[in-house]
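These notes concern the structure reproduced below.
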Protein chains: 2
Amino acid sequence: MPKQVDHEQRRRLLAEAVFAVIGTQGFEAVSLRDVAEQAGVSMGTVQYYFPTKRQMLSFALAHMRERVLARLQGAVTALREPTRRDLIRAATAVMLPVDAAGREEACVNIAFFSAATVTPAYAEQLRDGYGRILTVSVASFREASRLGELRDGVDPDVEAPALYFLTQGLVGPILVGLYRPDEALALVDAQLDRVFRPAPP
Amino acid sequence: MPKQVDHEQRRRLLAEAVFAVIGTQGFEAVSLRDVAEQAGVSMGTVQYYFPTKRQMLSFALAHMRERVLARLQGAVTALREPTRRDLIRAATAVMLPVDAAGREEACVNIAFFSAATVTPAYAEQLRDGYGRILTVSVASFREASRLGELRDGVDPDVEAPALYFLTQGLVGPILVGLYRPDEALALVDAQLDRVFRPAPP
DNA sequence: GGCTTTTTCATGCGAGTGCATGGTAACGGT
DNA sequence: ACCGTTACCATGCACTCGCATGAAAAAGCC
């Protein structure tokens with residue numbers, strides 16, 4: 001029984017094609033034909049790996065989550081001797097559309113957020129994904145608080161969601177050109193300044 | 001020359017139908033037939049008032065902005081002897097999907113944000129609309145700062161965007177059920193507590 | 001090499017799309 | 001009362017959509 005291709009890898013390839021189509025032509029323009037063309041295969045192949053369009057999009061959403069997490073992991077491990085603030089700042093920067101990859105991910109994510117308002121399955125996936133990130137963020141802030149890195153009177157259970165939602169709120173405005181990435185990062189830094197104790201020289 | 005109907009009002013009616021369709025079936029499901037049925041008219045009528053679908057959606061986006069501003073105005077004027085913090089909090093609450101109207105508006109807005117990533121005309125409209133709100137917010141914070149209502153060392157030019165983008169970032173998570181409206185308002189209040197001086201008894 | 005299984009593709013189909021067209025009802029001015 | 005403008009509607013058309021079908025190509029196993 002021959003099994004020469006890795007189905008999961010093939011699906012990831014198609015998911016990347018989905019991202020490209022969403023990023024260049026928008027979510028509503030995603031069709032099986034466009035995805036097939038973008039991936040360089042025929043339409044039948046797309047159907048072979050995804051029985052239905054919705055399943056394809058659902059897989060793409062799951063793959064997008066993993067892609068973001070991978071990029072986040074990479075950005076974190078790239079730091080040499082980072083402080084906790086450095087880690088949080090790097091993770092925040094990953095979620096902002098500052099480069100091409102981040103912008104594509106942001107476009108895809110906002111598209112799925114929009115679709116999630118009428119497709120509960122997407123909403124559940126987004127809850128899981130972002131809820132996990134939020135949990136990690138809270139844990140990181142709590143650890144910083146335990147180590148005395150935060151200013152007096154700063155509640156990590158408030159500041160973690162605050163920074164997280166601030167970041168989320170910056171994505172849309174950056175995408176439409178209302179705010180520049182450097183302005184957004186400056187705002188994030190200002191927030192971090194107010195939360196973290198100044199570093200001892 | 002008979003002119004018995006108000007074209008602008010008719011367009012607003014159709015725009016409201018567009019909102020209903022987006023809110024219940026999603027942005028990509030918006031068709032001229034759906035809008036016509038939702039509005040209780042025929043498809044030809046929709047075409048009569050909007051030469052093309054894109055112009056209809058563009059008008060709908062502009063009308064949505066006015067609807068939000070009207071609801072914001074209403075919420076603000078409903079307050080009796082409000083403090084500046086009360087005003088800012090009320091305006092913030094309007095932009096969060098806490099009730100049915102707010103939720104519908106949020107669904108429509110996020111849909112247009114998504115579409116704006118590939119439709120520059122939408123992006124420009126969103127920039128104008130939200131940029132205006134942001135400007136007003138900054139002005140309000142500056143006024144509060146001038147009157148000494150803010151805590152020491154608080155920069156209104158930082159806090160105004162921070163609160164605004166925090167609010168924007170809360171919209172999506174509330175829509176998908178990751179965060180509850182009361183949690184979001186609590187976060188906003190915490191932010192306001194940190195920015196505004198405690199009220200003198 | 002033959003054969004089965006896996007993988008890929010081309011094509012067809014019904015449904016739905018945006019838009020164009022021609023026709024019809026309603027109203028205001030004279 | 002009549003007519004022209006306005007408002008509205010039903011229908012047709014070319015197109016695209018997701019999905020189903022059947023066949024061709026590729027690849028491991030005997």
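In the text below, chain A, chain B and the rest are named by the order of the sequence lines, each starting its count at 1. Heavy atoms only: backbone and side chains are in, while hydrogens, waters and symmetry mates are out. What you are looking at is a predicted structure, and each value in this text was computed from that prediction instead of being measured.
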Contacts of A:Glu28 that satisfy salt bridge (Lys or Arg N to Asp or Glu O under 4.0 Å) - sequence neighbours left out: none
Length of the line joining A:Arg10:CZ and C:dT6:P, which is rounded to integer Å: 16 Å
Nucleic acid contacts of residues 107-126 of chain A, taken as heavy-atom distances under 4.0 Å to DNA chain C: none
ring-ring contact (aromatic ring centres under 6.0 Å, His included) partners for B:Phe165, two or more places apart: A:Tyr179
Salt bridge (Lys or Arg N to Asp or Glu O under 4.0 Å) pairs, two or more places apart, involving residues 98-120 of chain A: A:Arg67-A:Glu104, A:Arg67-A:Glu105, A:Arg71-A:Asp99, A:Arg71-A:Glu105
Nucleotide D:dT5, atom P - distance to NE2 of B:His7 in whole Å: 15 Å
Summary of salt bridge (Lys or Arg N to Asp or Glu O under 4.0 Å) pairs that have at least one residue in residues 129-143 of chain B, sequence neighbours excluded: B:Arg142-B:Asp157, B:Glu143-B:Arg146
Which residues share a side-chain contact (heavy atoms from CB on, under 4.5 Å) with B:Ala91, sequence neighbours left out: B:Leu72
Rounded distance (Å) that lies between atom P of D:dT6 and atom CG of B:Asp6: 15 Å
ring-ring contact (aromatic ring centres under 6.0 Å, His included) partners of B:Phe113, counting only residues at least two apart: B:Tyr130
Side chain to side chain donor-acceptor pair (under 3.5 Å) against A:Arg180, all qualifying residues, sequence neighbours excluded: A:Asp182
A:Thr52 vs D:dC19: side-chain N/O to OP1/OP2 distance below 4.0 Å: yes
Contacting residues from residues 26-33 of chain A, given that a heavy atom lies under 4.0 angstrom of DNA chain D: A:Val30, A:Ser31, A:Leu32, A:Arg33
Derivation of the side chain to side chain donor-acceptor pair (under 3.5 Å) call for B:Gln191 and B:Arg194: CA-CA 5 Å; B:Gln191 180 85 354; B:Arg194 219 177 34 196; 2.8 Å; yes
Test salt bridge (Lys or Arg N to Asp or Glu O under 4.0 Å) applied to B:Glu8 - qualifying residues, sequence neighbours left out: B:Arg11
Contacting residues from residues 35-49 of chain B, given that a heavy atom lies under 4.0 angstrom of DNA chain C: B:Met43, B:Gln47
Rounded distance (Å) that lies between atom C1' of C:dG18 and atom NZ of B:Lys53: 8 Å
Mutual orientation of the aromatic rings belonging to B:Phe141 and B:Phe196 [parallel < 30°, tilted 30-60°, perpendicular > 60°]: tilted
Touch class at under 4.0 angstrom, heavy-atom based, for B:Arg54 against every strand present: nothing
Atom pair distance, as rounded to whole Å: CG in A:Asp34 and P in D:dC15: 17 Å
Partner residues of A:Asp189 under the salt bridge (Lys or Arg N to Asp or Glu O under 4.0 Å) criterion, sequence neighbours left out: A:Arg89
